[in-house]
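What follows is a set of notes on a single structure, which appears directly below.
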There are 2 protein chains.
Amino acid sequence: MIDNKLSEKEQLRNVGLKVTHPRMRILALLEESDQIHLSAEAVYRMLIDREEEIGLATVYRVLTQFEQAGILKRHNFETGHSVFELDRGEHHDHLLCTSCGGVEEFYDDRIETLQHEIAAQHQFEIADHALTLYGVCKNCL
Amino acid sequence: MIDNKLSEKEQLRNVGLKVTHPRMRILALLEESDQIHLSAEAVYRMLIDREEEIGLATVYRVLTQFEQAGILKRHNFETGHSVFELDRGEHHDHLLCTSCGGVEEFYDDRIETLQHEIAAQHQFEIADHALTLYGVCKNCL
DNA sequence: ATCGCTATTGATAATCATTATCATTTGCGT
DNA sequence: ACGCAAATGATAATGATTATCAATAGCGAT
Ligand SMILES: [Mn+2]
Ligand SMILES: [Mn+2]
Ligand SMILES: [Zn+2]
Ligand SMILES: [Zn+2]
């Protein structure tokens, strides 16, 4: 059985980031949170609630570093702020409820294939894509 | 042959907007511009270049009004600012070149259908969606 | 375990796009 | 031409994010 703290240390070392208190706490929070998708502000507030004294600037910095290191994915939904989630290795797209703000995930191979087909038609070298469906979720209906 | 100015007046009246100097100029600019996709700043600068004295706040206000009236579509690409285009009635999605900033358009019925299928699977009442492919365009390669 | 140096942190100022305020101006029905 | 509500424009305010910079803390070497 692997200890969580060690695992986080290793993750940071693997991506070449110094093991610091804020980075450990933020990574732990992201792994323990029941919310997969979190904004910088949300992370900051959760840390405050846990009595963790970490500056907001540091939260923004660390999240960006984690993104660049491949630990996190950043999403720019139409909510006015970025949302982050751990990169679980499997690409997916999102359904966003405009009523409760909830986020659901989906993956459809056929859509992925069609996107590449379209890029090819336009002689466009596709690097990334963003697909988000906006509407009202099951619970809110 | 229909006169352009009259046509713009009618458009404004049809959506219940008072025919004012700034609204006429902004609508004319959007219709005459060779660039389909324009930011508020871009519209403002183009007006300045044309010696039109229209405040930046008014540009933002009018673009938002046009959007709400259905004259314009607003896109939130990952560029840090909103981009507007005349609503030509036919929905489409975009390819965005991260090298030159150019925007291409596409429409694929199969993707549209799959999106509805996915929404249905999630018992999600879809209202809108945003699909943008990011990469490098033909010209930049 | 201590030293020293560089990376990191945190408080805060700055930035950028966009919106709010409010006194002045203007479109438009009478 | 009048009168007034709606629109405009200069500017302040906002909200998310980034930059600044002095103080602090990892971490490799001693
Ligand atoms: Mn996700
Ligand atoms: Mn378009
Ligand atoms: Zn919901
Ligand atoms: Zn290009």
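Reminder, nothing fancy here: chain letters follow the sequence lines and each chain counts from 1.
- Heavy atoms of other residues, nucleotides or ligands lying less than 6.0 angstrom from NE2 of B:His116 number 12 at most.
- No engagement by B:Ser39 is indicated, since no non-hydrogen atom pair under 4.0 Å with the nucleic acid exists.
- There is a path of hydrophobic side-chain contacts, each under 4.5 Å, that joins B:Leu133 to B:Leu114.
- The distance between atom CD1 of A:Ile54 and atom P of C:dT8, rounded to the nearest whole Å, is 15 Å.
- Here A:Lys73 does not pair with A:Glu85 in a salt bridge; the nearest charged N to carboxylate O distance is not below 4.0 Å.
- Put simply, CZ on A:Phe66 is 13 Å from C1' on C:dT8, counting in whole angstrom units.
- The interatomic distance linking B:Arg74 (CZ) with C:dT19 (C1') rounds to 11 Å, in whole Å.
- In this structure, B:His92 and B:His37 have perpendicular ring planes: the angle between them is above 60°, well past the 30° mark.
- B:His94 has its ring centre less than 6.0 Å from the ring centre of B:Phe77.
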Can you check side chain to side chain contact (heavy atoms under 4.5 Å, CB included) on B:Leu27 and B:Gln11, steps first, answer last? CA-CA 9 Å; B:Leu27 184 50; B:Gln11 277 191 73; 4.1 Å; yes

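- Residues B:Thr58 and B:Arg61 bring a donor and an acceptor atom of their side chains to less than 3.5 Å of each other.
- Using a 4.0 Å heavy-atom distance criterion, A:Glu41 is classed as making no nucleic acid contact.
- OP1 or OP2 of C:dT18 has at least one side-chain nitrogen or oxygen of B:Tyr60 nearer than 4.0 Å.
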Per-nucleotide protein contact string for nucleotides 21-30 of chain C, where B marks a base within reach and S marks sugar-phosphate only (heavy atoms under 4.0 Å, - for neither): B-----SS--

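- Exactly one of B:Glu53, B:Glu8, B:Glu52 qualifies for a side chain to side chain donor-acceptor pair (under 3.5 Å) with B:Arg25. That residue is B:Glu52.
- For DNA chain D, the span of nucleotides reached by chain B at under 4.0 Å from its heavy atoms goes, 5' to 3', from D:dA6 to D:dT11.
- Put simply, NE2 on A:His81 is 17 Å from P on C:dT18, counting in whole angstrom units.
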